[in-house]
Colleague: 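Below is the structure I would like to discuss, written out as structure tokens.
Counting starts at 1 for both ligands and their atoms, in listed order. Position 1 is the first residue of the sequence; numbering continues from there.
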Amino acid sequence: MHRDSPVLENCHKYFKYLPFDTAVTMFAIVLGTRPEIIKMSPLIRSCQKKGVDFFVIHTGQHYSYEMDRVFFEELDLPAPDFNLDVGSKTHAEQTGQIMAGIEKILLTEKPEVILVQGDTNTVLAGALAASKCYVHGSRPISIGHVEAGLRSFDRSMPEEVNRIVADHLSRYLFAPTETAQKHLVHEGIPPEKIFVTGNTIVDAVRQNLELSKKRSDVLSNLGLVPDEYLLVTLHRQENVDVKKRLQGIIEGLGRIHEKTGLPLIFPVHPRTEKMIASFRLQLRGFNLIKPLGFLEFLQLESHARLALTDSGGVQEETCILNVPCVTIRDSTERPETVDVGANIIAGVDPSAITDAADRMLARPRSWKNPFGDGNTGDRIIDILART
Ligand code: UD1
Ligand code: UDP
């Protein structure tokens, strides 16, 4: 759409009535899944440090101990003020139930800003509920989208739909990089609503890496030597819910194990565990373990010879930690990792995966982190609260 279109003109008029110029004094922080807990933790810390009022709404999209509570414990986060306990559902049921739960809370608690992070159904539901919520029928609740502007340009991914909708409903778009900022401007979002802040994942890695060295014995517990194993994570709906695709990926990974002699350490996401069992797939060269806490996972990740993944967060973290990465997907919304030489997008064909692994194993690990300086949480709170 062109920036001068009548639709956008009306958008600008609407946004004139939002409280652009006042400092925010009360935030609602919404989270619901493993990556959101990790990536929102620097914002929660920043609010605590600066004495800014906030409350946390947990949607309950993730709920198993190792997908949820372990992160609150390890990252020393306050218990959520509200938990919607929504659990696993179809996309529409999950989104609808979260919307209804969040709307109720927003109408009683009346925050000025609701912060959502990333691209899950929790984000979509939080942004949609807030966008129609007028406190006392007059004051709108502004939406702040953390990690705005990422695009895979593949709308068959539920995450792509979620992030586009959240971006277009938001008043504050916290873009991690200039690439993300460009996507937003290209889609007609007024530049004054966009702030290039870096990604809070750098803060989370920096805040926890030393602690993880001290607290985690994961390598010795698994009998691993640094640089002598491969790390695998998989959970994308389009990869693990389709038998042929998952089978091909597992075949490709098995071939890498045979070629390198390195074990494949695989903390299995519950979705993937369920699908491997239901498709009755045979795995060779894998050491399947439960999903790990962040401190354990950081250790496993930082000492891996190579990571093979379809995760967004793992693409970023390996780039930050100077660990080579092969992304087992057809696209990425993190092209910065590819541009600096930290990552190859392999697709899901077994030969393409092995070929990408060969190339990444041969690359020097000298790239620079493109995701910011580790002060993103403070930067976002400063923008909103004018601290
Ligand atoms: C969700 C997000 C995805 C994100 C991922 C992070 C959407 C559409 N997807 O995918 O973008 O990358 O979280 O991990 O929002 N399950 C459990 N315990 C849990 C959570 C899930 O057993 O605590 C199992 C259930 O069988 C569930 C399945 O995992 O049906 C999928 O969970 P769901 O939250 O729907 O999607 P994720 O694959 O986790
Ligand atoms: N992670 C973790 N334990 C694991 C696997 C991943 O703590 O066993 C962390 C990882 O460090 C990253 C985040 O979970 O910060 C990524 O989450 P996930 O891959 O589930 O979602 P995505 O980033 O793809 O949305």
Colleague: Under 4.0 Å, heavy-atom basis, I'd like to know which part of R236 is in contact with ligand 2: side chain, backbone, both or neither.
Modeller: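 The side chain, only.
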Colleague: Under 4.0 Å from any heavy atom of G312, which atoms of ligand 2 are there?
Modeller: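 Per the distance check, 22 (P), 23 (O), 24 (O).
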Colleague: May I ask you to check whether F195 and F174 place their ring centers less than 6.0 Å from one another?
Modeller: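 Yes, the ring centres sit under 6.0 Å apart.
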Colleague: Hey, is F294 touching ligand 2 through its side chain, its backbone, both or neither, going by heavy atoms under 4.0 Å?
Modeller: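 Both backbone and side chain.
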Colleague: Counting from 1, what ligand 2 atoms have a heavy atom of P267 closer than 4.0 Å?
Modeller: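 Answer, ordered by atom number: 8 (O).
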Colleague: Given that the side chain starts at C-beta and the backbone is N, CA, C, O, which of these parts of H235 lies under 4.0 Å from ligand 2, counting heavy atoms, or is it both or neither?
Modeller: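 H235 to ligand 2: side-chain contact only, backbone stays beyond 4.0 Å.
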Colleague: Give the atoms of ligand 2, by number and element, whose distance to some non-hydrogen atom of F71 is under 4.0 Å.
Modeller: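 Close to F71: 7 (O).
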Colleague: Is S311 touching ligand 2 with its side chain, its backbone, both, or neither, if touching means heavy atoms under 4.0 Å apart?
Modeller: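 Answer for S311: both.
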Colleague: Indicate every side-chain donor-acceptor pair of residues 115-126 with a distance under 3.5 Å to a residue at least two apart or in another chain.
Modeller:
from: Q117; atom 1: NE2; to: E147; atom 2: OE2; distance (Å): 3.2
from: D119; atom 1: OD2; to: R163; atom 2: NE; distance (Å): 3.4
from: D119; atom 1: OD2; to: R163; atom 2: NH2; distance (Å): 2.8
from: T120; atom 1: OG1; to: E36; atom 2: OE1; distance (Å): 3.1
from: T120; atom 1: OG1; to: E36; atom 2: OE2; distance (Å): 3.4
from: T120; atom 1: OG1; to: T122; atom 2: N; distance (Å): 3.2
from: T120; atom 1: OG1; to: V123; atom 2: N; distance (Å): 3.4
from: N121; atom 1: OD1; to: N162; atom 2: ND2; distance (Å): 3.1
from: N121; atom 1: ND2; to: H91; atom 2: ND1; distance (Å): 3.0
from: N121; atom 1: ND2; to: Q94; atom 2: OE1; distance (Å): 2.9
from: T122; atom 1: OG1; to: T59; atom 2: OG1; distance (Å): 2.9
from: T122; atom 1: OG1; to: Q61; atom 2: OE1; distance (Å): 2.8

Colleague: Using a cut-off of under 3.5 Å, which N/O atoms of ligand 1 pair up with protein N/O atoms, and what distance separates each pair?
Modeller:
from: ligand 1; atom 1: 11 (O); to: E159; atom 2: OE2; distance (Å): 2.6
from: ligand 1; atom 1: 12 (O); to: H235; atom 2: NE2; distance (Å): 2.8
from: ligand 1; atom 1: 12 (O); to: R236; atom 2: NH1; distance (Å): 3.4
from: ligand 1; atom 1: 13 (O); to: H62; atom 2: NE2; distance (Å): 3.3
from: ligand 1; atom 1: 14 (O); to: H269; atom 2: NE2; distance (Å): 3.3
from: ligand 1; atom 1: 15 (O); to: Q61; atom 2: NE2; distance (Å): 2.9
from: ligand 1; atom 1: 15 (O); to: N121; atom 2: N; distance (Å): 2.8
from: ligand 1; atom 1: 18 (N); to: S64; atom 2: OG; distance (Å): 2.7
from: ligand 1; atom 1: 23 (O); to: Y63; atom 2: N; distance (Å): 2.8
from: ligand 1; atom 1: 23 (O); to: S64; atom 2: N; distance (Å): 2.9
from: ligand 1; atom 1: 23 (O); to: S64; atom 2: OG; distance (Å): 3.3
from: ligand 1; atom 1: 26 (O); to: K274; atom 2: NZ; distance (Å): 2.8
from: ligand 1; atom 1: 30 (O); to: K274; atom 2: NZ; distance (Å): 3.4
from: ligand 1; atom 1: 34 (O); to: Q61; atom 2: NE2; distance (Å): 3.2
from: ligand 1; atom 1: 36 (O); to: R271; atom 2: NH1; distance (Å): 3.2
from: ligand 1; atom 1: 38 (O); to: R271; atom 2: NH1; distance (Å): 2.7
from: ligand 1; atom 1: 39 (O); to: H62; atom 2: NE2; distance (Å): 2.7
from: ligand 1; atom 1: 39 (O); to: H269; atom 2: NE2; distance (Å): 3.1

Colleague: What is the ring orientation for H235 with H269, classed by angle as parallel under 30°, tilted 30 to 60°, or perpendicular over 60°?
Modeller: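 H235 vs H269 ring planes: parallel.
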Colleague: Once the angle between the rings of F286 and F266 is folded into 0 to 90°, is it parallel (under 30°), tilted (30 to 60°) or perpendicular (over 60°)?
Modeller: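 Plane angle between 30° and 60°, so tilted.
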Colleague: Once rounded to the nearest 0.5 Å, what's the spacing between atom CE of M67 and atom CZ of R34?
Modeller: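 One gets 4.0 Å once the value is rounded to the nearest 0.5 Å.
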Colleague: Is there any N or O on F297 that sits under 3.5 Å from an N or O of ligand 2?
Modeller: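 Such a contact does not occur with ligand 2.
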Colleague: Geometry only, no angles: is D310 polar-contacting ligand 2 at N/O separations under 3.5 Å?
Modeller: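 Not met; the criterion fails.
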Colleague: Is it possible for you to say whether L298 and M40 belong to one hydrophobic cluster, with membership spreading through side-chain heavy-atom contacts below 4.5 Å?
Modeller: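 Yes, it is one cluster - the side chains of L298 and M40 are joined through contacts under 4.5 Å.
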Colleague: Using a strict 4.0 Å threshold on nitrogen-to-oxygen distance, state whether E210 and K214 make a salt bridge.
Modeller: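 Looking at K214 together with E210, the answer is no, because their closest N to O distance does not fall below 4.0 Å.
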Colleague: For atom 25 (O) of ligand 2, which protein heavy atom lies nearest, and how many Å away is it?
Modeller: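 Answer for atom 25 (O) of ligand 2: P35 CG, 3.5 Å.
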Colleague: Looking at atom 23 (O) of ligand 2, what's its closest protein heavy atom, distance included?
Modeller: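 Of the protein heavy atoms, G313 N, 2.8 Å lies nearest.
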Colleague: Verify the neighbour count for atom CZ of R215: are there more than 12 heavy atoms of other residues, nucleotides or ligands below 6.0 Å?
Modeller: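 At most 12 heavy atoms, drawn from other residues, nucleotides or ligands, come within 6.0 Å of this atom.
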Colleague: How does E317 reach ligand 2, by side chain, by backbone, by both or by neither, if only non-hydrogen atoms under 4.0 Å count?
Modeller: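 Under 4.0 Å from ligand 2, E317 contributes side-chain atoms alone.
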Colleague: Run the salt bridge (charged side-chain N to carboxylate O under 4.0 Å, His left out) test against K290 and tell me which residues pass, sequence neighbours left out.
Modeller: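 So K290 forms a salt bridge (charged side-chain N to carboxylate O under 4.0 Å, His left out) with E66.
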Colleague: Does I38 come within less than 4.0 Å of ligand 2, judged by its heavy atoms?
Modeller: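 Contact check I38 vs ligand 2: positive.
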Colleague: Inspect the surroundings of CZ in R69 and state if more than 12 heavy atoms from other residues, nucleotides or ligands are less than 6.0 Å away.
Modeller: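 Atom CZ in R69 is not packed in, count stays at 12 or less.
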Colleague: Is E316 salt-bridged to K39, going by a charged N under 4.0 Å from an acidic O?
Modeller: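 A salt bridge links E316 with K39.
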Colleague: List for me each residue that meets side-chain hydrogen bond (donor to acceptor under 3.5 Å, both in side chains) alongside N239, sequence neighbours excluded, and say none if there are none.
Modeller: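 Per chain and number, N239 pairs via side-chain hydrogen bond (donor to acceptor under 3.5 Å, both in side chains) with R245, D310.
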Colleague: For ligand 2, which is the ligand I care about here, please tell me if I201 has any N or O atom under 3.5 Å from one of the ligand's N or O atoms.
Modeller: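 Looking only at distances, the answer is no, because the N/O contact criterion of under 3.5 Å is not met.
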Colleague: Is the centre of the Y229 ring less than 6.0 Å from the centre of the H257 ring?
Modeller: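 No: the rings miss the under 6.0 Å criterion.
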Colleague: Would you call K290 a ligand 2 contact, heavy-atom distance under 4.0 Å?
Modeller: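 Flag not set, K290 not near ligand 2.
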Colleague: Looking only at protein heavy atoms, which one is nearest to atom 17 (O) of ligand 2, and what is the separation?
Modeller: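 Protein heavy atom with the smallest distance to atom 17 (O) of ligand 2: R34 NE, 3.6 Å.
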Colleague: Among all protein heavy atoms in this structure, tell me which lies nearest to atom 3 (N) of ligand 2, with the distance rounded to 0.1 Å.
Modeller: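 Checking every protein heavy atom, the shortest distance to atom 3 (N) of ligand 2 gives L292 O, 2.7 Å.
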Colleague: Salt-bridged, D382 to K50, with N to O below 4.0 Å?
Modeller: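 A salt bridge links D382 with K50.
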